Each structure stands twice: as structure tokens, then as C-alpha cells.
Number of protein chains: 2
Amino acid sequence: MTTVRGARARARVEITAAIKAEARAQLAAEGAAKLSLRAVARELGMVSSALYRYFPSRDDLLTALIVDAYDAVGAAAESAAREAAGERSLDRWTAVCRAVRAWAVAHPHEYALIYGSPVPGYTAPQDTNAPAARVGLVLIGIAREAHGGEGIALPPLPDVLRPEAVRITADMAPDLPPELVAALVAAWSQLFGMVSFEVFGQFHRLVEDRDAFFATAARRLGRDIGLLPPV
Amino acid sequence: MTTVRGARARARVEITAAIKAEARAQLAAEGAAKLSLRAVARELGMVSSALYRYFPSRDDLLTALIVDAYDAVGAAAESAAREAAGERSLDRWTAVCRAVRAWAVAHPHEYALIYGSPVPGYTAPQDTNAPAARVGLVLIGIAREAHGGEGIALPPLPDVLRPEAVRITADMAPDLPPELVAALVAAWSQLFGMVSFEVFGQFHRLVEDRDAFFATAARRLGRDIGLLPPV
DNA sequence: CCCGAAACGAGAGCACTGCTCTTGCATGAG
DNA sequence: CTCATGCAAGAGCAGTGCTCTCGTTTCGGG
């Protein structure tokens, strides 16, 4: 219980990790569509059927990689928020945005796995929900600090959106005003829109100085959720 | 020249269309990853090798579908802009945003094909460039009319972004001010961020009244490119 | 009009995939 | 020490993209 059972159990976690590592390598090299169980097994010097002792199917391997990817980008966002702890909210916001983007461009295939088209008939199991929420929680945290500190400035909600905004707020952050939560959800999706366009090549031959473009746009996103520019 | 050469050529365009139609059906049913040349051929009552007379590879079939999808969403955007011709710029903007979103939710797999993760080692050929630009051109058109009509209100560009904004402006819309073009590119990517999050299920169990959410966010996007709200 | 070239459909075949099932071996718990 | 269990290996199934060959059909220039 306290430690790993025995040699057998130890070998199991080691081999499981090795499989994930090799799969991640193939993912980075060729993309999710070309991830082959047989190739992974071959590279690890085992036979393909042996791999099914560790992952019941290819989709389960993918799920494990998806969880890892969500955790990786979530951790990147969290550490960026931590490192910018002392700064003004708008700067913390842009720091987190930058961290997400940096992780995405450094791991394009893993990013595609979690924020690209969902794979065939695959539906994400429950296990992915918590890791998937981490980046959003970081953004909410920054908004919360701004709300309790410098304050936020947002226009009132239109009537059509008010009930929905109130509902989402009750679900996610009951201590925040609904207009802030609604703006957060929008900014959240818009942030990943910019990142996806860059990673997926939509900016090809259009935007070249992407650092400058992204920094400015992320800052405007922060203003859109009511964060105040330095006076 | 003026008309189709003969029976053979006529049959060719017919069969090509039938293949694309069946492929599109399978795409809608199962997604791009499960699109199988053999299955398409089977459904059409021919043998798989015969299909290679019309599309040299599976990727070429996908390219054809990609071009069609870009054209479809581009046409939807154009017709929305046309129908909202008389209205204020901000309303035309939101009308186009709504049209893009409506097409996306109606054709999720085709949307995923063009705005989701790029397929394996596939790189989009030149043919896709023009169709892919149509939605962006519609958005630029609306901004142009607003600029020449009601006017736009935008903050000045930060120094880091100015050279890049000037460059992009020279490439795309030399008659518009660089701050407007820079804001347009950002809003463009952010719009598709929201659509992608909805289509790809990132809003699952989070945003429910998506019409209201999207309408409000699209309107704010319009404000972000300087479109003025009705007085 | 006709005959060679080109286009075409069918079929076999290759190398690959995910996955299942059986077999035999080694390990670790009682 | 023994025996159930965990495990790797191999064969095999159904499916894939793609290539090549082989008759047949169609078309267009002499």
C-alpha cells in the first residue's frame, strides 16, 4: 500500500511510463493520426499484443496522453501565474497567456490533441475533465484577485445573456460578478483561438512577428475582462 | 471547350462529384479519420482501385473536401454580409459571425477539417489559399465600409506591433489604417476560437445558452475592431 | 471510317493497422 | 512449496492505402 507492491508492480509502472514516453515521441514526430501501437511496441522491443496488458486500446493510450497534455499546459499556466505573483493583474494575465502560447508552439502535436478536432468517434472520458479545467482556473484566479484588489471595469450584461451568465457564475465562481465570468469565458475561448490559429498554420504568411501580435492581442483580451491598464 | 467534350468527360465529372458526395457523407457520419477510400468505393459499387483514377490519393480527396468546405463557409459569410447590407456595421459584423457559427455547428466535421488540427503530415496545397481567405475578406469588407462611413474608434498601436501591423496592412488592405487591420486579424482568430470551442465540445456542460453567449461575444469582438454601437 | 492511344474498371497483391485468442512461462502470494 | 495469476509471444482476422497488371471501352486524328 504505502510503497509499490513488488518487482512485478514496479516493472508495470516502469513499462507503462516507457510506453507513454515512446508514444509521446511518435506523437511529436508524426502526429496523433500516425500513432501506431505496433510501432510503439516495435520500438520498445516487444510484441504488439503485449502492449494491450497496459492499455486496453489505442484510444486509452491517447486518453492518457491527453490527460498528460492538459496537465502540462495547466502546469505551465500555473507556474507563470506564480512567477508573476507580485505584478499587476493585467501583466499576470498576459504572462499566463504567453505561457499557454509558448507551451503550445513547443508541443504542437500535443496541443492539437487537446484543442484540435476531437478524434474519430472518441469521446473524452471523465478523467480528462479536471486536468482540462486547470488553465481556466488560473485565469479565473487572476480575475478574482483583480476583482478583490485593483477592481475591474466592465459594461453591464445585455438582458439576453444575464440568466446564462448568472447560471455559469453559480457553477464556476459564485464570488464573482456575472459580467466578469461571462467575459472570462469569452476571453478564454478567444485566447485559444489565437493560439490555435498560430499552431495550426492559419497565420502562415500573414502574421510574422507573432510575439508582438500575440502580446498586444492578449493585453486587449485582458482589458476585455475588465482588467485595468497601469495608470 | 465551350461544353463538356463527350460522354467520357461527362461521366468523369459525374463520378468525381459522386465520390465527393459519398466522401462528404462519410465525413459527416464518422469524421475525417475514418474516411476510407475502400468504403467510399464500396458504397458507390466500384472497386477501390478504380477510385484512384479520380483522386490520386486519399489526401487529394481530402484536399478537395477542404476546398469545398472553405468555399461553403465563405459563401455563408458572404451571403450573410449581403443580406445585412443596409444595416449598421456592427450589426453586419455580428450577422457574419453568426453565419460562420451556424455553418460550423451544422457541419462540424467539415469545420474540423478546415479549422481543426491539420491532418498527419498533410500540408495544404496552394489551391486552398484563395477559398480559405473568403471569410477574412468579408470581415475586411465590413471594416472597410465602417471606416469609410460611420468611422471607427481604436486606441493607437503599441510601438512593438506597429511595424508588423504596417506590413500586414500593406499586404492585405492598404487602404485601411494599421490599427484596424491588426485588430481585425486578432478578432478574426478570436471569432474562430469561440466557434471551435463550441464545435469541439470545450463548452460542454459549461455554456448552455450558446446563442446568447455568442451574440454578446461577437458584438464585443466588433467593438474591439472599433465598430461603433448605435447611438 | 478506322486504328492506335488513352482512359477505365476489375482483381490480385503488398505492407501495414488495431485487436483477439491461445499457449507457455515466470513470478509472487498463501 | 505450490498454484493461481500476470505476462510476453505468436498466429490470425478484418480492415486500410496504394500499386500493378490485364482486358475492355471510348475517343480523336489520320
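The structure presented is a predicted model; accordingly, all values stated were derived computationally and were not measured. Atoms considered below: every heavy atom in the structure, side chains included; atoms not considered: hydrogens, waters and symmetry mates.
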Please state whether the phosphate of C:dT17, meaning OP1 or OP2, lies under 4.0 angstrom from any side-chain nitrogen or oxygen of A:R58. no
Taking atom P of D:dC7 as reference, at what distance in whole Å does atom CD of A:E14 sit? 13 Å
Determine whether A:Y115 and B:F200 satisfy the following criterion, ring pair (Phe, Tyr, Trp, His ring centres under 6.0 Å), listing intermediate values before the conclusion. CA-CA 8 Å; A:Y115 290 108; B:F200 297 162; over 10 Å; no
Separation of B:I142 CD1 from B:W93 CH2 (nearest 0.5 Å): 7.0 Å
Do you know which two heavy atoms are closest between B:A182 and B:A165, and how far apart they sit? CB-CB, 4.1 Å
For DNA chain C, which residues of residues 15-29 of chain B approach it to below 4.0 angstrom with any heavy atom? B:I15
Nearest-0.5 Å distance, CD1 of residue A:I225 to CD1 of residue A:I140: 10.0 Å
A:R53 side chain N/O closer than 4.0 Å to the phosphate oxygens (OP1, OP2) of D:dC7? no
Roughly how far, to the nearest 0.5 Å, is CD1 of B:I15 from CG of B:L44? 8.5 Å
Is A:Y54 near enough to D:dA8 that one of its side-chain N or O atoms lies under 4.0 angstrom from OP1 or OP2? yes
For A:F55, answer base if it contacts any base atom (sugar-phosphate contacts may also be present), sugar-phosphate if it contacts only those atoms, and nothing otherwise; contact means non-hydrogen atoms under 4.0 Å. nothing
Just how far, in rounded Å, is C1' of C:dG11 from CZ of B:R38? 11 Å
Rounded distance (Å) that lies between atom C1' of C:dT17 and atom NZ of A:K34: 13 Å
Value in whole Å for how far the P atom of D:dA8 lies from CG of A:L37: 14 Å
Atom pair distance, as rounded to whole Å: CZ in A:R10 and P in D:dC7: 14 Å
From CD of A:E30 across to C1' of C:dC16 the rounded distance in Å is 14 Å
To the nearest 0.5 Å, how far apart are CD in A:Q26 and CD in A:E43? 6.5 Å
N/O (side chain, B:R42) to phosphate O (OP1/OP2, D:dT16) under 4.0 Å: yes
Members of residues 43-51 of chain A that approach DNA chain C, where some heavy atom sits under 4.0 Å away: A:S48, A:S49
Rounded to whole Å, please give me the gap between CZ in B:R12 and P in D:dC27. 13 Å
Answer yes when B:R24 and B:D68 have at least one side-chain N-carboxylate O distance shorter than 4.0 Å, and no when they do not. yes
With rounding to the nearest 0.5 Å, note down the distance linking CD in B:Q190 to CZ in A:R220. 8.5 Å
B:L35 atom CG is separated from D:dT16 atom P, nearest whole Å, by 11 Å
